[in-house]
Amino acid sequence: THSIASLTKLMSSYVFLKNIPSLENCNIQITEEDRDTLKNTRSHLPKNQDIQCNKILEATLAFSDNDAASSLSRHVPNFSRSDFIAKMNEQARKWNMNNTYFADSSGLNPKNKSTANDLTKFLSKIVYTKEFKIMDSFSTSKSFLLPTAGKPRLFSNTNRLIREEKFDAVLSKTGYINESGYNLMFMPKQWEKKKKLALVIMGERSSYNRSSLATKLLNKYDCK
């Protein structure tokens, strides 16, 4: 098994969407308890201020904000943070991801581990869920506006393939911590054309190498 870093956020977002009553009139506040004390990464989202849940999801999936992902784990009604992580692991078992384990909702903990085979199972299952349709639009945003303490700030997707519009995608997520290297899950539009093609890349040495390998493989299978 391999540390998956922020690829974790795909399962976090799915579990959140599956268990909240509705995205309508849904707001979350980022608080001090969401602060990353493990890797000391910094969030650009304002604290103690109502932010629409769809913006929190966009920050989680496209910009990979760790505080945003943390906030998801404590905002499902009647769920503690540990309940939320348990649901993530329970969902992994339901989808026969038997070599996958989640320790947190952001992926900062190197104990979040999986295999390429398990992550492929995840993609093959989630694509047929109603939650996927929401995650699709958020994870493939090239850039988006989010509220900050002052004026709204423009954020860009962490995936170069999305930022440079090299390929049309229905799902995208990058991941990186020191222990994991540079990871990627990417589902091009060809999935919808019955080609059932998706990429899982784990442990690349740099963001550039990750993007180069993904580009090479997507071109090989004639993705657009």
Side-chain angles (χ1 to χ4, degrees), residues 2-17 54-66 68-69 72 88 95 97 100 105-108 112 114-116 118-146 154-177 180-193 195-204 206-224:
H2 189 86
S3 290
I4 58 174
S6 287
L7 302 186
T8 297
K9 293 180 172 77
L10 288 171
M11 183 64 91
S12 307
S13 299
Y14 173 77
V15 167
F16 175 77
L17 286 167
N54 61 352
K55 290 297 183 183
I56 292 287
L57 285 163
E58 198 162 26
T60 298
L61 291 169
F63 188 63
S64 209
D65 188 280
N66 295 310
L72 295 178
M88 292 171 66
W95 286 345
M97 298 167 64
T100 297
S105 60
S106 65
L108 289 165
N112 289 273
S114 190
T115 64
D118 271 12
L119 294 176
T120 302
K121 289 178 183 177
F122 173 85
L123 291 173
S124 69
K125 294 291 187 180
I126 198 172
V127 71
Y128 298 112
T129 67
K130 68 180 187 298
E131 291 80 12
F132 175 80
K133 297 300 181 186
I134 301 169
M135 294 170 62
D136 167 1
S137 61
F138 292 150
S139 75
T140 57
S141 296
K142 179 183 175 182
S143 60
F144 50 96
L145 286 171
L146 284 177
L154 187 68
F155 292 80
S156 296
N157 199 297
T158 55
N159 186 355
R160 182 179 298 181
L161 303 183
I162 299 292
R163 292 197 308 271
E164 297 179 359
E165 300 182 316
K166 288 187 174 182
F167 302 95
D168 286 334
V170 293
L171 194 72
S172 166
K173 188 72 199 77
T174 60
Y176 171 79
I177 54 174
S180 73
Y182 290 81
N183 301 334
L184 174 69
M185 291 169 71
F186 190 83
M187 189 178 286
K189 285 278 189 183
Q190 266 73 359
W191 180 279
E192 297 175 337
K193 298 175 183 176
K195 287 192 177 181
K196 307 298 185 199
L197 179 69
L199 286 183
V200 177
I201 295 173
M202 303 175 79
E204 275 298 320
S206 69
S207 174
Y208 176 81
N209 285 0
R210 176 178 63 193
S211 295
S212 295
L213 177 58
T215 298
K216 180 180 177 181
L217 291 170
L218 291 165
N219 282 333
K220 177 180 179 181
Y221 292 98
D222 198 30
C223 296
K224 305 295 183 186

Any side-chain donor-acceptor pair under 3.5 Å between [X] and [Y]?
X      : Y     : value
Thr60  : Ser13 : no
Ser180 : Ser3  : no
Lys9   : Asn66 : yes
Thr158 : Ser64 : no

Is there a donor-acceptor pair closer than 3.5 Å between any side-chain N or O of Asp136 and the backbone N or O of Phe132?
-> no
| said: With a 3.5 Å distance limit and no angle check, can you tell me whether Ser211 reaches the backbone of Tyr208 through a side-chain donor-acceptor pair? | reply: no
Looking at [atom1] of [X] and [atom2] of [Y], how far apart are the two atoms once the value is rounded to the nearest 0.5 Å?
X      : Y      : atom1 : atom2 : value
Asn159 : Glu164 : CG    : CD    : 9.5 Å
Asn112 : Ser106 : CG    : OG    : 7.0 Å
Ser105 : Met88  : OG    : CE    : 6.0 Å
Ile134 : Thr129 : CD1   : OG1   : 9.0 Å
Arg160 : Ser212 : CZ    : OG    : 7.0 Å
Phe63  : Thr174 : CZ    : OG1   : 10.5 Å

Using side-chain heavy atoms (C-beta onward) and a distance below 4.5 Å, is [X] in contact with [Y]?
X      : Y      : answer
Leu57  : Leu72  : yes
Tyr14  : Lys125 : no
Leu10  : Leu61  : yes
Leu218 : Lys166 : no
Leu7   : Phe122 : no
Val200 : Leu123 : yes
Lys173 : Ser139 : no
Thr100 : Lys121 : no

For Phe167, the ring-ring contact (aromatic ring centres under 6.0 Å, His included) test, sequence neighbours excluded, returns none
Sorted by chain and residue number, the side chain to side chain donor-acceptor pair (under 3.5 Å) partners of Ser141 (sequence neighbours excluded) come out as Glu58
Residues passing the side chain to side chain contact (heavy atoms under 4.5 Å, CB included) test with Tyr182, sequence neighbours excluded, are Tyr176, Glu204, Ser207, Arg210
Residue set satisfying side chain to side chain contact (heavy atoms under 4.5 Å, CB included) with Ala214, at least two apart, ordered chain then number -> Leu161, Leu184, Leu199, Ile201
Atom of [X], atom of [Y] and distance for their closest heavy-atom approach:
X      : Y      : answer
Leu145 : Lys55  : O-NZ, 3.1 Å
Ala68  : Asp65  : N-OD1, 2.8 Å
Met202 : Ala116 : SD-N, 3.6 Å
Pro188 : Leu197 : CD-O, 3.3 Å
Ser172 : Ile162 : OG-CG1, 3.8 Å
Phe138 : Ala62  : O-CB, 3.4 Å

Report task. Check the pair Met185, Ile4 against side-chain contact (heavy atoms from CB on, under 4.5 Å), reporting the backbone distance first and the verdict last. Result -> CA-CA 10 Å; Met185 291 169 71; Ile4 58 174; over 6 Å; no
The salt bridge (Lys or Arg N to Asp or Glu O under 4.0 Å) partners of Lys142 (sequence neighbours excluded) come to Glu165
With sequence neighbours left out, the residues meeting salt bridge (Lys or Arg N to Asp or Glu O under 4.0 Å) with Glu131 are none
